[in-house]
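Any value given below was found using the heavy atoms of this structure, including those in side chains, with hydrogens, waters and symmetry copies removed.
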Amino acid sequence: MKQHELSTLFEQIANLLEYQGENVFRIRAYRRAAETLATFSGDLDHLATAGRLRELSGIGADLAQKIEEYLTTGQLDAFERLRKTVPSGVLEFLEVPGVGPKLAKVFVDRLKLKTVADLEQAARDGRLRALPGFGGKKEENILKAIGLMKQGRERMTLNVALSLAQQFLTRLREVPGVLNVSTAGSLRRMKETIGDLDLLVAARRPGPVMEAFQRSPWTGRVLAAGMTKASILTTRGLQVDLRVVKPASFGAALQYFTGSKEHNVVLRELAVRKGLKVNEYGVFRVSDRHRLAGTEEADVYRALGLAWIPPELRENNGELEAAKVGRLPTLVEAKDIRGDFHIHTNWSDGADKLEVIVQAGKDRGYEYIAICDHSQSLRIARGMSIERIREQMGILRALNARLTGYQVLLGAEVDILADGSMDYPDEVLADLDFVVGSIHSGFKQSESAITNRILRAIRNPYVTLIAHPTGRLIGEREPYQVNLEAVFQAAKETNTVLEINACPKRLDLCDTAARRAQELGVMLAISTDTHRLTHLDHMAVGLGIARRAWVEPRQLLNCLTRHELLAWIARKRTTLAGHAAPRRVGSRRR
DNA sequence: GCCGTTTTCGGCCCGACTGTTTTCAGTCG
């Protein structure tokens, strides 16, 4: 958590320095450090204690010292001093799209404005157009930008972005002369939420493509449009950016517009050192401007002596170094996924019948799914009594007897109660094949209470997997206080699986936490937490997060064959069950 | 402010679009 506060602080310092007209490279250094901290997956306190902060990219002696200062005192002297020298309101102005440090300075110096509300009033009064370099149009745009800001344009969840992108790409693909289309930007990198949707098209003539884009049925308002680049707001207020390039530049443009910005900056610096120049049109030799690559994205990387880097890794978090020495991970792919866990039916709060879900899993080509309806104390979700779950088990056993090459695991999503005990007694858990442990209550407990609660569940031999380990809901609920390092350690020791919950509102573990768990050798699982049939599709979203976490097939429970999976579950039970005789898992009792 | 198989000093990524500008600055991604 501390790294996010520090990241914001560094970003604000950069803004303030920019306002003061400081050295641009010094400003950039703060921005780069902010980005490093925002995506850092490890334990910052631990790193600081070990005196290893300077191992982070973009962190040198000075910034390391500032990080230590913040970790010990909870504030940053340099920031406090800087803030006093800059008029209040500046940071607020910089939040307005289209307003940078230069304009902010004019607003403060010439018009004595202090807040965005002042700015809005000044624009309405027509006072802005009197400023040098200002006209009516600029004034109008500022008012529009403030209006948009007030609406608080929300970021899209991944599933919304994916389907919106699909709609646009299908339309653009049909335009005559279009040779290639792709998503780019943060959607292609599968970031957990998407601000603007970026689309890229290869065509010989950009005109018809731009036209089709601006006149699409989903286009609400055109924000900007040039010959090859346009931005629109959809009728639902989501921003979509389109760029059209010549076919010969498609690979270079794809690389360029996929980002991340930090990844690209480092890539282009690498190019400069090799006497090359990278832009959205290709890779060029500086000496004679000869073009070395551009049509295919992989060629761009190859020209720089790098292996092609999967988009999900492009965050300047070690992927460039790995690509240089051929040590990129073999990321998990859709074809590696053999099953899904944590699926609800109308036996608790799901919408669909058991039989329908079971068939849907088979239709997707899965080898197994685990039916995991809620346990008794979660009344709001129609949690099942012990009698009910035993009844469900009977039905599933009968179903299984008729299936070949596909197995439905008898499971349950069992509440971890306030004291860390499970919501069903062990003799019920022992009869289940797959036990998901979850926290659905007591979110406000202290960090030690919640952590101990989860640790106790992890040490229960029958608990297979801990679901949504931090309990957050994106944009709605903060994660509860939990010591993830301790959870990872215990999970590793006990062969307990941690979930990457693929529900687009959850994504829990998140990418950085999952990467940390993966580094420590914890077994992970992607589960869709399906509550209706269409949610099974969220597997694609979970895959994106797993890939961002550098997860390989061998680290993912979903990639085990059915027999390997059953063996894995049994292993934990035999390791932890002590003197109790281990039960066979997945056996078809009568 | 960071960083180094060209450098511990002197570099530090690149181009489109907008509005207002007769040649470009500011902002953005």
Side-chain angles (χ1 to χ4, degrees), chain A residues 10 13-15 17-19 21-36 53-67 78 93-107 128-129 131-142 144-145 184-187 189 194-200 206 210 222-231 239-245 249 252-253 255-284 286 300 304-305 316 324:
Chain A
F10 283 173
I13 289 178
N15 284 340
L17 292 174
E18 196 168 26
Y19 176 81
E22 254 283 354
N23 179 308
V24 292
F25 300 108
R26 185 168 171 231
I27 294 162
R28 188 178 300 170
Y30 275 102
R31 293 244 157 83
R32 184 179 277 198
E35 189 57 36
T36 295
L53 286 172
R54 296 188 60 180
E55 289 175 18
L56 295 172
S57 123
I59 305 293
D62 182 86
L63 291 182
Q65 186 272 322
K66 287 193 167 69
I67 293 172
F93 290 145
L94 294 177
E95 298 284 312
V96 180
V99 176
K102 298 289 192 298
L103 285 182
K105 196 161 175 57
V106 172
F107 295 153
L128 298 189
R129 67 185 71 186
L131 294 168
F134 252 85
K137 192 89 182 197
K138 226 167 185 173
E139 193 171 74
E140 196 179 308
N141 284 342
I142 297 251
K144 275 187 196 164
S186 51
L187 177 60
R189 302 200 312 279
I194 309 297
D196 307 336
L197 196 63
D198 291 304
L199 304 177
L200 184 69
M210 300 296 284
V222 178
L223 296 174
M227 293 286 286
T228 62
K229 194 174 159 182
S231 296
Q239 184 171 335
V240 185
D241 298 337
L242 169 73
R243 184 71 186 263
V244 185
V245 298
S249 295
Q255 194 292 314
Y256 191 95
F257 292 112
T258 295
S260 66
K261 193 174 173 183
E262 293 69 29
H263 173 92
N264 283 358
V265 167
V266 176
L267 193 80
R268 296 198 283 270
E269 285 171 354
L270 184 73
V272 170
R273 285 200 293 277
K274 289 176 180 285
L276 303 172
K277 184 171 86 162
V278 179
N279 57 27
E280 60 259 58
Y281 303 109
V283 181
F284 301 86
V286 173
V300 172
L304 300 171
N316 190 29
K324 216 175 289 179

For Tyr256(A), all residues meeting ring-ring contact (aromatic ring centres under 6.0 Å, His included), sequence neighbours excluded: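 ring-ring contact (aromatic ring centres under 6.0 Å, His included) list for Tyr256(A), sorted by chain: empty.
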
May I have the distance from [X] (atom [atom1]) to [N] (atom [atom2]), rounded to whole angstrom?
X	N	atom1	atom2	value
Arg31(A)	dG29(B)	CZ	P	12 Å
Lys144(A)	dT18(B)	NZ	C1'	12 Å
Glu35(A)	dC2(B)	CD	P	17 Å
Lys102(A)	dT18(B)	NZ	P	21 Å
Leu63(A)	dG1(B)	CG	P	7 Å
Leu223(A)	dT27(B)	CG	C1'	15 Å
Tyr30(A)	dC2(B)	OH	C1'	11 Å
Asp241(A)	dC28(B)	CG	P	13 Å

Can you check the distance between [N] and [M], where both ends of the measurement are the [atom1] atom (answer in whole Å)?
N	M	atom1	value
dA25(B)	dT20(B)	C1'	10 Å
dT6(B)	dG11(B)	C1'	12 Å
dG19(B)	dT23(B)	C1'	14 Å
dC3(B)	dC13(B)	P	13 Å
dC9(B)	dC14(B)	C1'	25 Å
dT8(B)	dG1(B)	C1'	14 Å
dG10(B)	dA16(B)	C1'	30 Å
dC12(B)	dT7(B)	P	16 Å

Tell me every residue that passes side chain to side chain contact (heavy atoms under 4.5 Å, CB included) with [X], counting only those two or more places apart in sequence or in another chain.
X	result
Glu22(A)	Leu17(A), Arg26(A), Ile27(A)
Lys144(A)	Glu140(A), Asn141(A), Arg221(A)
Lys105(A)	Tyr19(A), Asp109(A)
Ala34(A)	Ser7(A), Phe10(A), Glu11(A)

Just to be sure I understand the rule, does [X] reach a base, reach only the sugar-phosphate, or reach nothing, if contact means heavy atoms closer than 4.0 Å?
X	value
Ile27(A)	nothing
Ile59(A)	sugar-phosphate
Val99(A)	sugar-phosphate
Ala61(A)	sugar-phosphate

For dT7(B), glycosidic torsion class - syn if within 90° of 0, otherwise anti: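 dT7(B): syn glycosidic orientation.
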
Base-contact (B) and sugar-phosphate-only (S) positions in nucleotides 12-17 of chain B, heavy-atom cut-off under 4.0 Å, - elsewhere: BBBSSS

From CZ (Arg31(A)) to OG1 (Thr36(A)), nearest 0.5 Å: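 Going from the CZ atom of Arg31(A) to the OG1 atom of Thr36(A) covers 14.0 Å.
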
Distance in Å, Leu200(A) CG paired with Gln255(A) CD, rounded so as to fall on 0.5 Å steps: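 Answer for the CG-CD pair, Leu200(A) versus Gln255(A), is 11.5 Å.
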
Nucleotide opposite dG19(B) in a Watson-Crick or G-U pair, distances under 3.5 Å: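 Paired with dC24(B).
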
Mind listing the N/O atom pairs, protein and nucleotides 19-21 of chain B, below 3.5 Å?
unit_1	atom_1	unit_2	atom_2	d
dG19(B)	OP1	Asn141(A)	ND2	2.7
dT20(B)	OP1	Gly135(A)	N	2.4
dT20(B)	OP1	Gly135(A)	O	3.2

Of all pairs that satisfy salt bridge (Lys or Arg N to Asp or Glu O under 4.0 Å), the ones with a partner from residues 259-278 of chain A, not counting sequence neighbours: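 Residue pairs passing salt bridge (Lys or Arg N to Asp or Glu O under 4.0 Å), neighbours aside: Arg32(A)-Glu269(A).
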
5'-most by nearest nucleotide on DNA chain B - Asp62(A) or Val96(A):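 Result: Asp62(A).
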
Listed partners of Glu35(A) passing salt bridge (charged side-chain N to carboxylate O under 4.0 Å, His left out), at least two apart: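 With sequence neighbours excluded, Glu35(A) shows a salt bridge (charged side-chain N to carboxylate O under 4.0 Å, His left out) to no residue whatsoever.
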
Tyr30(A) vs Asn15(A) side-chain heavy atoms within contact, under 4.5 Å: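 Contact flag for Tyr30(A)/Asn15(A) side chains = no.
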
Derivation of the salt bridge (charged side-chain N to carboxylate O under 4.0 Å, His left out) call for Lys229(A) and Glu280(A): CA-CA 13 Å; Lys229(A) 194 174 159 182; Glu280(A) 60 259 58; over 6 Å; no

